[in-house]
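Since the structure comes first, as structure tokens, the remarks are kept for the end.
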Amino acid sequence: MLQIKSASEIQQMKGAGALSKAALRLAGTLAVPGATTAQIDAAVEQLIRDGGGKPTFKGYSGFPASICSSINAQVVHGIPSSEAVLADGDIISIDTGATYGGWVGDNAWTFFVGTVSDEVKGLCEVTRDCLEAGIREAVPGNTLGDIGYAIQTLAENNGYGVVRGYTGHGVGRVMHEDPAVPNYGKRGRGVRLQKGMVIAIEPMITLGSYETRTWPNGWTVQTVDGKAAAHYENTVAITADGPVILTSDERGPWCPMQGGE
């Protein structure tokens, strides 16, 4: 069932979005050669709790950490570990979620660790452009197919794969609400967008095949061919005045994004 938010509820959601974005920006500053993903996870959890929130991911369906940290060929849902040490040339998708004031903010970014190859940099730049293209379509009267088409067309025209098995989603008082928001589709198809809907748009784009497999831990998803993947996400409200990014910095002077920006 679709959950339609009032203007005041959307305004309230900006607090959760800002805290989640602050966590993401902190994570980006820590994504340097020699750092472990466990260290990044601990710092993010502390920031969220110090900000009066709760890490949304921790304990969600048994997930053991406050961030998802997915390196290189890992697409999403990587579990932080003291054994996962970042190296120069890596990319890492970090996904953060913060629950604040009863609402959820959810966002992700793919960060460069040191100096990355031009091939991987190009993948990240196009994936970020896919996110922006999808957000531009998030207006009343359009459909989910319009968002998916914009993302898919841009990615595939640049020679990249579009992951099918994982999608964006509605966001509200819980992290995952209806509807699912695919990163592929046909114009005019799917759920029609209404004022007051809040969705997470999150393209997951690959250098090679879009097919994925899940690790034995039941969480970590990676490309079947071992080629790199990039992932970017924002929580977006659909309003009469156009899309509003709720995972933004307008409620606080957070540290600058590092890496993939």
Side-chain angles (χ1 to χ4, degrees), residues 3 5-32 35 37-61 63-70 76-80 92-111 128 131-132 135 138 168-177 181 196-203 231-239 243-261:
Q3 302 292 324
K5 281 78 174 177
S6 67
S8 63
E9 288 174 328
I10 288 173
Q11 189 65 28
Q12 292 168 34
M13 290 188 72
K14 291 181 178 180
L19 186 56
S20 188
K21 179 54 64 79
L24 186 61
R25 289 189 181 276
L26 173 64
T29 67
L30 301 175
V32 297
T37 54
Q39 290 170 331
I40 299 172
D41 180 67
V44 165
E45 179 171 355
Q46 189 65 53
L47 182 146
I48 292 173
R49 294 193 187 280
D50 287 349
K54 181 178 72 172
T56 308
F57 299 170
K58 195 163 191 178
Y60 184 86
S61 296
F63 190 78
S66 296
I67 68 170
C68 297
S69 53
S70 307
V76 287
H77 305 160
I79 298 175
I92 178 170
S93 164
I94 298 178
D95 197 340
T96 64
T99 301
Y100 179 85
W103 298 99
V104 172
D106 186 10
N107 54 188
W109 202 264
T110 299
F111 297 97
R128 185 181 60 190
L131 173 61
E132 294 173 356
I135 291 172
H169 49 88
V171 183
R173 293 201 177 273
V174 295
M175 181 165 56
H176 291 129
E177 294 184 346
V181 183
M197 290 174 64
V198 176
I199 57 176
I201 300 174
E202 50 178 319
H231 173 216
Y232 293 79
E233 175 186 22
N234 270 314
T235 300
V236 180
I238 296 165
T239 79
V244 175
I245 297 174
L246 301 183
T247 40
S248 73
D249 301 317
E250 67 176 58
R251 294 176 64 91
W254 312 115
C255 57
M257 191 78 82
Q258 302 288 317
E261 190 173 40

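Computation of the quantities below employed the complete heavy-atom set of this structure, encompassing side-chain atoms and omitting hydrogens, waters and symmetry-equivalent molecules. Note that the structure is a prediction, hence the values are computed from the model and not measured.
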Which atoms form the tightest heavy-atom contact between [X] and [Y], and what is the distance?
{"X": "F63", "Y": "H77", "result": "CE1-O, 4.0 Å"}
{"X": "A31", "Y": "I40", "result": "CA-CD1, 4.1 Å"}
{"X": "T110", "Y": "S93", "result": "OG1-CB, 3.8 Å"}
{"X": "A98", "Y": "A16", "result": "O-CB, 3.8 Å"}
{"X": "S66", "Y": "K58", "result": "OG-CD, 3.7 Å"}

Please check: side-chain N/O of [X] versus main-chain N/O of [Y], any donor-acceptor pairing under 3.5 Å?
{"X": "S20", "Y": "T96", "answer": "yes"}
{"X": "T56", "Y": "T99", "answer": "yes"}
{"X": "D41", "Y": "P80", "answer": "no"}
{"X": "K5", "Y": "I10", "answer": "no"}
{"X": "R173", "Y": "G102", "answer": "yes"}
{"X": "Q11", "Y": "S8", "answer": "no"}

State which residues pass side-chain hydrogen bond (donor to acceptor under 3.5 Å, both in side chains) with R49; sequence neighbours excluded, sorted by chain then number.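 Partners of R49 by the side-chain hydrogen bond (donor to acceptor under 3.5 Å, both in side chains) criterion, ordered by chain and then number, come out as E45.
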Taking side-chain hydrogen bond (donor to acceptor under 3.5 Å, both in side chains) as the test, write out the residues that go with T239, two or more places apart.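 Checked T239 against side-chain hydrogen bond (donor to acceptor under 3.5 Å, both in side chains); zero matches.
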Looking at side-chain heavy atoms only, is the closest gap between [X] and [Y] below 4.5 Å?
{"X": "L131", "Y": "N234", "answer": "yes"}
{"X": "D106", "Y": "F57", "answer": "yes"}
{"X": "W109", "Y": "E233", "answer": "no"}
{"X": "I67", "Y": "D95", "answer": "no"}
{"X": "L24", "Y": "F111", "answer": "yes"}
{"X": "Y232", "Y": "N107", "answer": "no"}
{"X": "V198", "Y": "L246", "answer": "yes"}
{"X": "V236", "Y": "V244", "answer": "no"}

Given T37, which partner from the list I79, I92, L30 fulfils the side-chain contact (heavy atoms from CB on, under 4.5 Å) test?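 The side-chain contact (heavy atoms from CB on, under 4.5 Å) with T37 is passed solely by I92 among I79, I92, L30.
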Do E177 and H169 have side-chain atoms, one donor and one acceptor, less than 3.5 Å apart?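 H169 and E177 do not have a side-chain donor-acceptor pair below 3.5 Å.
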Examine the side chains of T235 and T247 and answer whether a donor and an acceptor come within less than 3.5 Å of each other.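 T247 and T235 do not have a side-chain donor-acceptor pair below 3.5 Å.
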List the steps, then state whether side chain to side chain contact (heavy atoms under 4.5 Å, CB included) holds for I48 with D50. CA-CA 5 Å; I48 292 173; D50 287 349; over 6 Å; no
Distance in Å, M13 CE paired with E9 CD, rounded so as to fall on 0.5 Å steps: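 The CE atom of M13 sits 9.0 Å away from the CD atom of E9.
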Would a line drawn from the ring center of H176 to the ring center of Y60 be shorter than 6.0 Å?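 Yes: the rings meet the under 6.0 Å criterion.
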